[in-house]
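Below is a structure I'd like to ask you about.
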Protein chains: 2
Amino acid sequence: MATPVAPSAGTQPRRSAAATRAEILRVALDLFTRQGYDGTSIRDIAEALGMTKSSLYYHFPGKEAIASALAERRGRELEELVRWIEEQPPGPGLLRDAALRWLASADAEQIRGMRFARANQPVMHRLAEEHAGIRQGFDRVVEALLPGGAGIRERLRVRMVFETLSAAILAAEGTDATDDDIIAAARDAVVAATS
Amino acid sequence: MATPVAPSAGTQPRRSAAATRAEILRVALDLFTRQGYDGTSIRDIAEALGMTKSSLYYHFPGKEAIASALAERRGRELEELVRWIEEQPPGPGLLRDAALRWLASADAEQIRGMRFARANQPVMHRLAEEHAGIRQGFDRVVEALLPGGAGIRERLRVRMVFETLSAAILAAEGTDATDDDIIAAARDAVVAATS
DNA sequence: GTCTATAGGTTGATAGAC
DNA sequence: GTCTATCAACCTATAGAC
């Protein structure tokens, strides 16, 4: 399963540090999603990359820092959605439009990111607590869509609309549904929930 | 946080083994949900019960057996739903009726069970693989509701209706929503999705 | 049924050579 | 940037006394 890297011949490494970092994140995302954060050791990640644990520590200060980088990437995607919402004129159709826009932007990588977040709730929650920058999931989105004094039931409703994609991903677990199937199912549910 | 158990005075233990077993499951469910399966050691569970690890091994052959017992309990709840579905006359309204029945039966304990399953996907999945008896989640329910040749999109739709409660629980994470709020939100979504 | 003690293994992380 | 070698801390699980 590992993809060993041929040792570099010259003094210059074959790939830049930035590329290696991205590769580490890609492999870690895959393993964390499939085996869970706690079920994946630093050694697992390193071996899948064809390097040793110690080399990994050159690129990241620790295991949690890898998960943190993944969470931050996910946070940036959501922040972009918040910015878009704040630019729109408020109105009753905005919730549906925002949710459908979110779905339309969901590519394979983003779906993998959500699967990761879903499969590793305990770590994500811990990261959000320690590290105040990473606010949990759709908090900011809900904030942007609702007036300040909204009740708990209204908040729940809005949150659930955005959890729809997450629900579709979970529903597809173990089946052979494609990403397109998942997004189509989520879209139907969003439309039904915002009628 | 621990609730130490007073040592029994006579030769007979204060509580039957069955009661102790149930208490272990209750405490383990709580800890597994809050800290995750891997984040909870046998020692954590034992200390919360006021006993030592070794005593726990008298009641359960291992850590995984505890999670397995929790998963089986969850499986029994779903089996009851499957039985009910099979007794009903088939029809287009059956999906909604079954989902609403499932919601109506969801008490606090069941919601805690779902939260556990949700927060520990990797273990649940592993248990379902190794131990063929525990089939994953709503597989049986979907089977009972759909004709054999149903397509993947139709299967997804049915699964998602049942994932609604799960989505509501997730949406309520971190908020101060009550169980009633969660169930109400889930009911609205089920009705919308099955119109 | 519960305890102490410990075996046997894995983990995340560090030091220092190249 | 990558390696070998090593550490302390932690885990599950077992043995055997009471």
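In what follows, chains carry the letters A, B, and so on, assigned in the order in which the sequence lines appear, proteins first and then strands, with residues in each chain numbered from 1. In what follows, every heavy atom counts, from backbone to side chain, and hydrogens, waters and symmetry copies are set aside.
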> Separation of I66(A) atom CD1 from dA13(C) atom P, in whole Å?
Replying inline: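 About 9 Å, once rounded to whole Å.
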>> Going by the rule side chain to side chain donor-acceptor pair (under 3.5 Å), which residues pair with R83(A) if we only count those two or more places apart in sequence or in a different chain?
In response: none
> Between S55(B) and dC3(C), is there a side-chain N or O to OP1/OP2 distance below 4.0 Å?
Replying inline: yes
> What's the shortest heavy-atom distance between T33(B) and R115(B), and which atoms?
Replying inline: CG2-CB, 3.8 Å
> Rounded to whole angstroms, how far apart are CG on L56(B) and C1' on dC3(C)?
Replying inline: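 Whole-Å distance recorded here is 13 Å.
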>> What does the B/S/- profile of nucleotides 6-18 of chain D look like, 5' to 3', with a 4.0 Å heavy-atom cutoff to protein?
In response: B----SBBBB---
Under 3.5 Å, sequence neighbours excluded: what are the donor-acceptor pairs made by side chains of residues 61-69 of chain A?
{"unit_1": "K63(A)", "atom_1": "NZ", "unit_2": "Y37(A)", "atom_2": "O", "d": "3.0"}
{"unit_1": "K63(A)", "atom_1": "NZ", "unit_2": "T40(A)", "atom_2": "O", "d": "2.8"}
{"unit_1": "E64(A)", "atom_1": "OE1", "unit_2": "R126(A)", "atom_2": "NH2", "d": "2.8"}

>> Based on the rotation axes of five pairs at each end, what angle does the helix from dG1(C)-dC18(D) to dC18(C)-dG1(D) bend through, to 10°?
In response: 0°
Name each donor-acceptor pair under 3.5 Å that joins a side chain in residues 141-154 of chain B to protein atoms two or more places apart or in another chain, with its distance.
{"unit_1": "E143(B)", "atom_1": "OE1", "unit_2": "R155(B)", "atom_2": "NH2", "d": "3.4"}
{"unit_1": "E143(B)", "atom_1": "OE2", "unit_2": "R155(B)", "atom_2": "NH2", "d": "3.4"}
{"unit_1": "R153(B)", "atom_1": "NE", "unit_2": "D181(A)", "atom_2": "OD1", "d": "2.8"}
{"unit_1": "R153(B)", "atom_1": "NH2", "unit_2": "D181(A)", "atom_2": "OD1", "d": "3.1"}

>> One pair to check against side-chain contact (heavy atoms from CB on, under 4.5 Å): V82(A) and E86(A). What are the steps and the verdict?
In response: CA-CA 6 Å; V82(A) 169; E86(A) 285 168 347; 3.7 Å; yes
>> Before you tell me yes or no, could you show the steps for E79(A) and R74(A) under salt bridge (charged side-chain N to carboxylate O under 4.0 Å, His left out), namely the whole-Å CA-CA distance, both residues' side-chain angles and the distance that decides it to 0.1 Å?
In response: CA-CA 9 Å; E79(A) 208 141 344; R74(A) 197 172 132 67; over 6 Å; no
> Quick check: are there more than 12 heavy atoms from other residues, nucleotides or ligands sitting under 6.0 Å from CD of E72(A)?
Replying inline: yes
> Between atom CD in E47(A) and atom C1' in dT11(C), what is the gap in whole Å?
Replying inline: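 After rounding, the gap between these two atoms is 13 Å.
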> Residues in ring-ring contact (aromatic ring centres under 6.0 Å, His included) with Y57(B), at least two apart?
Replying inline: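 By the ring-ring contact (aromatic ring centres under 6.0 Å, His included) rule, Y57(B) matches no residue at all.
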> For H59(A) and dG1(D), what is the distance between atoms NE2 and P respectively, to the nearest whole Å?
Replying inline: 6 Å
